[in-house]
Structures are given as structure tokens and as C-alpha cells.
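Computed from heavy atoms alone, side chains included, the values below leave out hydrogens, waters and symmetry copies. Below, chain A is the first sequence line, B the second, and so on; all start at residue 1.
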Amino acid sequence: MAHPIVSLAKRRGFYWPAFEIYQGVGGLYDLGPLGARLQQELVDLWRSTYVLPEGFLEVDTPTLGPEVLFRASGHLGEFADLLVCCRSCQEPFRADHLLEGVHPNPEALPAPEVDGLLVQHKVRCPRCGASSFDPARPFNLMFQSNFGPIPGRFAYLRPETAQGIFANFPALYRLHRKRLPFGVAQVGRAYRNEISPRQGLLRLREFGQMEVEYFHGPTPADKDHPRFGEIAADLTSLVPAPAAGTPAAPVAVTFQQAVDRHIVAHRLIAYHLARVQQFLLRAGIPAERLRFRQHEADEMAHYALDCWDAEVLLEAGWVEVVGIADRGCFDLEQHQKASGISMEAERILAEPREEEVTEVIPNFATLGPSFKGKAKAIGEALRSLDHAVLAGPITLTLEGGEEVVIRSDHFSLSTRKERRTVEPFLPHVVEPSFGLSRILYCVLETCYQVEVSPSESDAEQGTSEPEDGEGSAAGGYVRLRLPPVIAPTKVGVFPLMDRDGLTELALQAERRAIAEGLSAFVDTSQSIGRRYARADEVGVPFCITIDYQTKEDGTVTLRHRDTRTQERHSIVDALLAVAAAVRKPVSFGRGT
RNA sequence: GCAGGCGUCGUCUAGUGGUAGGACGUUGGCCUUCCAAGCCAACAACCCGGGUUCGAAUCCCGGCGCCUGCACCA
């Protein structure tokens with residue numbers, strides 16, 4: 001059974017399957033009025049409590065990218081696996097797995113060869129033992145299109161926002177005035193053509209991501225963070241990758257202890273884990289439903305050296321919502337190789353180094369007459385030669401195979417001393433990657449609370465789900481305990497009676513709330529209790545009620561969603577209290 | 001993609017061959033001086049396409065979607 005939040009979400013407008021008028025498309029969901037606003041609030045919270053305080057640079061890059069980009073990133077190579085299905089039991093297998101031991105590099109084989117090798121070596125189905133397979137077909141999780149009318153220029157929808165950041169590293173490094181470390185953030189959508197999307201917002205073909213690439217130096221001293229102290233004492237729950245023979249088990253530690261006991265490799269990863277945890281807690285995920293689990297070696301993505309997932313305990317089990325990966329220099333190295341553009345940063349040497357540099361200087365005065373039009377190419381080739389081999393006349397092989405004989409008067413050697421004050425290196429990167437759509441769902445599910453009304457609770461039923469129909473009295477009183485900072489609607493304004501001028505006062509109060517930047521609404525329908533109930537169900541944290549006393553002294557009641565308690569304030573004070581409660585915190589300090 | 005189950009107002013559902021009923025909801029009205037389910041009325045549905053049949057929500061086939069398991073999950 002789906003969690004009752006699912007039908008509430010559709011009924012009240014958080015989210016629902018997309019394109020339902022055409023029977024829908026799996027893995028695509030619409031965010032409704034409340035969902036769109038909730039998502040925006042989550043992004044704002046992330047930006048104000050994480051991106052801004054950390055000084056990250058935020059960028060926005062295209063969702064489409066060229067083939068070379070994703071060749072370089074490894075996504076096309078790694079994810080265009082060939083799949084074969086067993087004819088008798090229909091089980092699908094990755095071709096390269098079946099051909100292990102049969103071929104030295106099974107991943108690189110084209111489909112026809114895979115089919116041939118499977119028959120030739122009588123490979124058996126690991127499941128049922130039969131040895132007859134359907135033809136191999138490529139299985140790509142990347143969405144493909146074309147740029148312009150030329151069919152050969154493939155365009156791909158990005159499977160993560162990260163590559164747009166890596167591809168911009170040289171510019172971003174310059175814009176940060178060539179100082180490391182620094183982080184770059186991006187919020188956007190990513191696309192993966194999932195085989196069988198399921199579980200609503202948890203497995204989508206198009207989803208929201210909030211990613212950070214934290215560029216830093218490669219030495220052990222760089223794997224640290226100046227503000228580690230702020231989070232060192234925060235408590236967390238870690239599930240390290242199990243060592244041989246020992247099962248994975250959660251440990252409760254502070255981040256300081258996690259580093260001291262070598263559960264987490266270094267303080268830099270630990271720092272990011274702490275910031276991720278802080279964000280999730282502020283978004284309303286209960287601490288007891290949150291943990292970090294370390295990937296095992298065989299679970300790791302092709303680029304990762306170390307990876308921790310933030311997981312949230314849902315009805316469906318533990319679900320990954322943030323991945324914190326140490327990507328090393330993998331991505332920058334790949335893009336440097338593929339593009340020919342340097343992705344290196346520079347480090348100032350503690351002590352300048354004197355180096356003797358010997359260069360080959362082509363002598364075009366003699367090269368020109370000897371080689372005419374080829375002189376320029378030969379000159380370039382000479383420059384790139386190792387000077388050690390250049391004793392006298394040599395034979396040079398040009399591109400295209402032509403050999404030319406170079407005389408000693410065709411070039412000269414120049415030796416000079418160079419004083420080096422910097423050295424180049426490829427930065428490393430730690431990547432906290434937030435699954436925005438998943439977080440949105442986790443927040444909704446974990447904030448969902450049912451209170452069995454006292455008259456009906458014959459058993460002690462705590463906060464579990466209703467047995468049958470929801471959205472009604474049968475299931476109990478539904479309350480969405482969204483933190484005020486992310487609640488899509490901040491305050492409801494209710495006239496106690498829809499008469500005697502109370503509604504007019506409510507409309508005035510609503511205007512003032514909106515002027516304060518608070519999303520507000522007036523509800524005059526039916527009884528006051530029903531209006532509170534309707535507001536509680538979608539997580540409105542505060543309700544202001546206009547009553548007869550308001551007409552006399554201008555005061556209203558301010559009701560708190562989670563406690564149902566009310567206080568009397570002037571309208572201005574009530575709105576100030578709401579505004580204070582929904583203001584996004586800025587986190588330099590520790591804790592939550 | 002495979003196997004099994006499922007698809008009825010916005011939501012939860014009743015309905016096994018004679019063209020759909022309830023509850024919640026929404027809207028309007030009545031009542032009501034602070035915590036949903038008081039009264040009256042209205043609104044609103046058989047996933048899509050074919051087939052069988054005099055007649056299909058119901059039976060058959062295909063598609064799409066959802067759920068569970070397998071596989072996949074950067």
C-alpha cells in the first residue's frame with residue numbers, strides 16, 4: 001500500500017503523475033501549487049543555509065550536452081551496457097558480466113561479437129543454466145537527441161548537473177582569483193532513463209538535483225576544513241562499509257570521534273557530512289530517521305574514491321537522498337584529456353625552485369629553404385622533442401609517416417635557468433549531491449502525522465497510519481508538521497464568523513501578511529475548526545483568527561499548528577512572530 | 001524488461017453482463033462567538049483502443065499507468 005501522503009499530495013496539490021490526461025508517463029511527476037512552492041522553499045533553505053554561508057559560487061548550466069562531454073565524464077561508456085536476456089527464463093544480464101573470463105575486455109565488444117562469443121563459448125545462464133540468449137541490445141540510461149538537423153551530432157540530457165561545473169573549472173578557478181579551496185553549487189534538473197521507475201518521487205526519469213563540487217588540493221593537509229571545529233561535536237549516525245566478515249552496523253558518534261576512529265577518512269568529508277546533516281534536519285527530517293552509510297567498494301560509481309550516502313528511513317526502508325563522494329581528480333583529469341584544456345590549479349611553492357630548462361629552437365632560416373611548406377610543421381615537431389636525443393643529424397617522422405632528415409644547423413639548443421615559484425596540480429573534488437525530489441518526498445512523508453481522536457482510540461495507536469480511507473475522520477486527524485521555514489503557506493487568516501465585518505478585517509490582515517513577504521490566505525468556509533483542520537493537513541504552521549475582540553482592540557489570536565495553542569497579539573506582533581519563525585537561518589554556527 | 005496483482009467522481013471505495021451507489025471533498029444556502037465529520041441542495045467517475053454480445057465497469061486481446069518480486073539504480 002502506498003503511504004497515505006500520496007493521496008493527500010494529489011488531493012491537496014503537492015504532486016501527482018504527469019500527463020495523466022494521456023494516461024501518464026512513468027517516472028514523470030508534476031509538482032502542484034503546494035509542491036512547487038515547497039520545492040522552492042527547500043532550494044531557498046539550501047541556498048541560504050549552505051551555499052551562501054560556505055561562500056560557494058552558484059552557476060546554472062545547460063541540461064543538454066554534447067557527446068564528447070559525456071564520453072569524457074564516463075557516463076556514455078559506463079552506462080551504455082549491452083544487455084542480453086536468457087531465452088528460457090527471460091533473465092536479463094549484462095553482457096560483459098557473462099563474458100568475463102571469455103574475453104580480456106568484454107566491455108568494449110560490439111553487440112554482434114557478444115552474440116557470437118556467447119554461442120561459441122556456450123555460456124550458460126547463471127540463473128537457469130540454459131545457454132541460449134536473445135541478441136544483445138544496448139541499454140543506455142542517457143536520453144539522446146540531436147543538435148540541429150544533422151543526425152550525427154548527438155545531444156544528451158545530463159544525468160547529473162555536475163559535468164556543467166567540471167567543464168567550467170578553468171573559468172571558475174579564475175573567477176575565484178585562483179585560490180583553493182572553493183565550492184561551486186548548481187540547482188537544476190537531471191535525467192536518467194530508468195528501466196522501471198517506481199515509488200513515486202523516489203525514482204524519477206527527470207528529477208531535481210542540488211549539487212556542490214568542492215575543489216581542493218590533493219595533499220593530506222588539504223583534506224581538512226577551517227571550520228571543522230564548528231561541527232566537531234555534532235552527533236551523527238554512521239554505517240561504515242563492512243570489513244570482511246563483519247556486518248554493517250550503525251554507530252552513534254560525533255564527527256570528531258568519526259575522524260579520530262578513522263570511520264570517516266578525513267575531516268573534509270566529515271565536515272561536508274555535517275553540513276548535509278544540518279540541512280536535512282532543518283528541512284524537517286527527524287534525526288532518528290537519518291544516517292550516513294558508506295558505499296562498499298563494488299557499489300561505488302566509476303569516478304568515486306569514497307562515498308557516503310545520507311539515508312532517510314521511510315516506510316519503504318532506508319532511501320538515499322544525498323551522496324557525498326570523494327571524486328579525487330577523476331573528472332578534471334578526464335576533461336583535461338578529452339579537451340586538451342588545462343584543468344590544473346597552481347600552488348605556490350614554499351621555496352622557489354631553480355631549474356635548468358633546455359629548449360629546442362628551430363632555425364627557420366635554414367628549415368625554410370630545405371623544406372619549404374613543411375618547415376612550419378617540422379619546426380613544431382622539433383620543439384616537442386626531448387632535447388636529449390638531439391645530438392647531431394636525426395631522422396624525424398612526420399604525421400603521415402614521411403621521414404625527413406634534420407641537420408644540426410636546422411635547430412639550436414637553448415639552456416636557461418628558470419625560477420619556479422608555483423607548481424601545477426589537478427585539484428581534487430568532494431561532491432555533496434542532493435536529490436531534491438527525493439528530499440521533497442522524504443520531508444512530506446516524515447512530517448505526516450495522524451492523531452487518532454480520543455473518542456475513537458480504543459488502542460494506543462501512537463502516530464501510525466490510518467487503517468482505511470484517509471482525508472477523513474475515519475483515519476484520524478492529519479497534520480503535516482513541516483518546519484515553518486519551508487512550509488509552502490505560512491499563515492492562514494480566519495474570521496471567526498463570516499459576518500459583522502470580520503471578513504473585511506481578515507482581508508486586511510492578509511494584505512499585511514503578504515506585504516511582509518508571508519504567503520497567506522483567507523478562509524471563510526464552514527466552521528473555524530474545519531478551517532484549522534484543512535490548514536493543518538497541508539502544514540500551514542500558523543493561523544491568525546479575527547474575532548469580535550479584534551473589532552474592539554485590534555488584537556487577534558495566533559494559533560500554533562503543532563500544539564494548537566493560541567496567543568493574543570496585535571496584528572502587527574502576530575505577523576512579526578510568524579515572520580521570525582519562518583526566516584531562514586544562516587548557519588555559521590554548529591548544531592541544528 | 002520479465003512474472004504476478006491492480007486501474008470506478010478530486011480522494012477512499014461498493015458494484016461479476018442489463019449503462020453506476022456511498023463516504024469524504026468541493027460549491028451554494030442555512031446554522032454556528034475558536035478546533036474537521038449539524039441541516040438542505042448542487043457538482044463530480046467506470047485508464048485508453050479493439051473484440052465478443054442485442055447489451056460490457058464487469059468477459060477476451062493490446063496499450064498506458066500503478067503496486068509487489070527479479071534485474072537495474074552514476
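Within the shown strands, nothing qualifies as a pairing partner of B:C35 under the Watson-Crick or G-U definition with both distances less than 3.5 Å. Pair assignment for B:G21: B:U13, on the basis of Watson-Crick or G-U wobble contacts that are both within less than 3.5 Å. Remark: B:U26 base-pairs with B:A42; criterion is Watson-Crick or G-U wobble with both hydrogen-bond distances under 3.5 Å. The pairing partner recorded for B:U68 is B:A3, the criterion being a Watson-Crick or G-U wobble arrangement whose two distances lie under 3.5 angstrom.
In this structure, CG of A:Asp523 is placed 16 Å from P of B:C35, rounded to the nearest angstrom. In this structure, A:Glu20 atom CD and B:C46 atom P are separated by 14 Å, rounded to whole Å. The CZ atom of A:Arg499 sits 7 Å away from the C1' atom of B:U32 (whole-angstrom rounding). As a whole-Å value, the separation of A:Asp30 CG from B:G65 P is 15 Å. Computed from coordinates, the A:Glu194 CD to B:C73 P distance equals 9 Å when rounded to whole Å. Look at CG on A:Asp547: it is 13 Å from P on B:U33, rounded to the nearest Å.
Annotation: proximity of residues 563-572 of chain A to RNA chain B (heavy atom, distance under 4.0 Å) is found for A:Arg564, A:Gln566, numbered in ascending order.
In this model, no side-chain donor or acceptor of A:Tyr22 finds a partner on the base of B:C64 within 3.5 Å. Counting distance only, with no hydrogens placed and no angle test, the side-chain atoms of A:Ser7 and the base atoms of B:C12 include no donor-acceptor pair under 3.5 Å.
Between B:C72 and A:Arg198, no contact under 4.0 Å exists linking OP1 or OP2 to a side-chain N or O. When the side-chain nitrogen and oxygen atoms of A:Lys10 are compared with OP1 and OP2 of B:U11, one or more of them lie within a distance under 4.0 Å.
B:G18 and B:A57 are spaced 10 Å apart, taking the P atom of each and rounding to whole Å. On the P atoms, B:A20 is 24 Å away from B:C6, given to the nearest whole Å.
The closest side-chain donor-acceptor pair between A:Arg568 and A:Thr555 falls under 3.5 angstrom.
Comparing A:Gln23 and A:Tyr532 against RNA chain B, the residue whose closest nucleotide sits nearer the 5' end is A:Tyr532. Each of A:Arg203 and A:Gly24 was matched to the nucleotide of RNA chain B holding its nearest heavy atom; the match closer to the 5' end belongs to A:Gly24.
The aromatic rings of A:Phe56 and A:His272 sit parallel to each other, their planes meeting at less than 30°, with 60° as the upper class boundary.
Side-chain contact check for A:Glu67 versus A:Tyr156: some heavy-atom pair is nearer than 4.5 Å. Residues A:Leu332 and A:Val429 have side chains not in contact (no heavy-atom distance under 4.5 Å, counting atoms from C-beta outward).
Closest approach to the A:Arg11 side chain among B:C70, B:A74, B:U11 is made by B:U11 (side chain taken as heavy atoms from C-beta onward).
The environment of A:Arg289 atom CZ is dense: over 12 non-hydrogen atoms of other residues, nucleotides or ligands sit within 6.0 angstrom.
For the pair A:Arg564 and A:Tyr477, the cation-pi criterion (under 6.0 Å, within 45° of the ring axis) is fulfilled.
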Taking only distance into account, with no hydrogens and no angle test, what donor-acceptor pairs under 3.5 Å do side-chain atoms of residues 16-26 of chain A form with protein atoms, sequence neighbours excluded?
{"from": "A:Trp16", "atom 1": "NE1", "to": "A:Asp30", "atom 2": "OD2", "distance (Å)": "3.2"}
{"from": "A:Glu20", "atom 1": "OE1", "to": "A:Lys10", "atom 2": "NZ", "distance (Å)": "3.3"}
{"from": "A:Glu20", "atom 1": "OE2", "to": "A:Lys10", "atom 2": "NZ", "distance (Å)": "3.3"}

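At a threshold of 4.0 Å, the pair A:Asp536-A:Arg559 counts as salt-bridged, since one of the basic side-chain nitrogens sits closer than that to a carboxylate oxygen. A salt bridge links A:Arg327 with A:Glu160; the closest basic N to acidic carboxylate O contact falls under 4.0 Å.
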Pairs under 3.5 angstrom, nitrogen or oxygen only, protein versus nucleotides 26-30 of chain B, please.
{"from": "B:U26", "atom 1": "OP1", "to": "A:Arg534", "atom 2": "NH1", "distance (Å)": "2.2"}

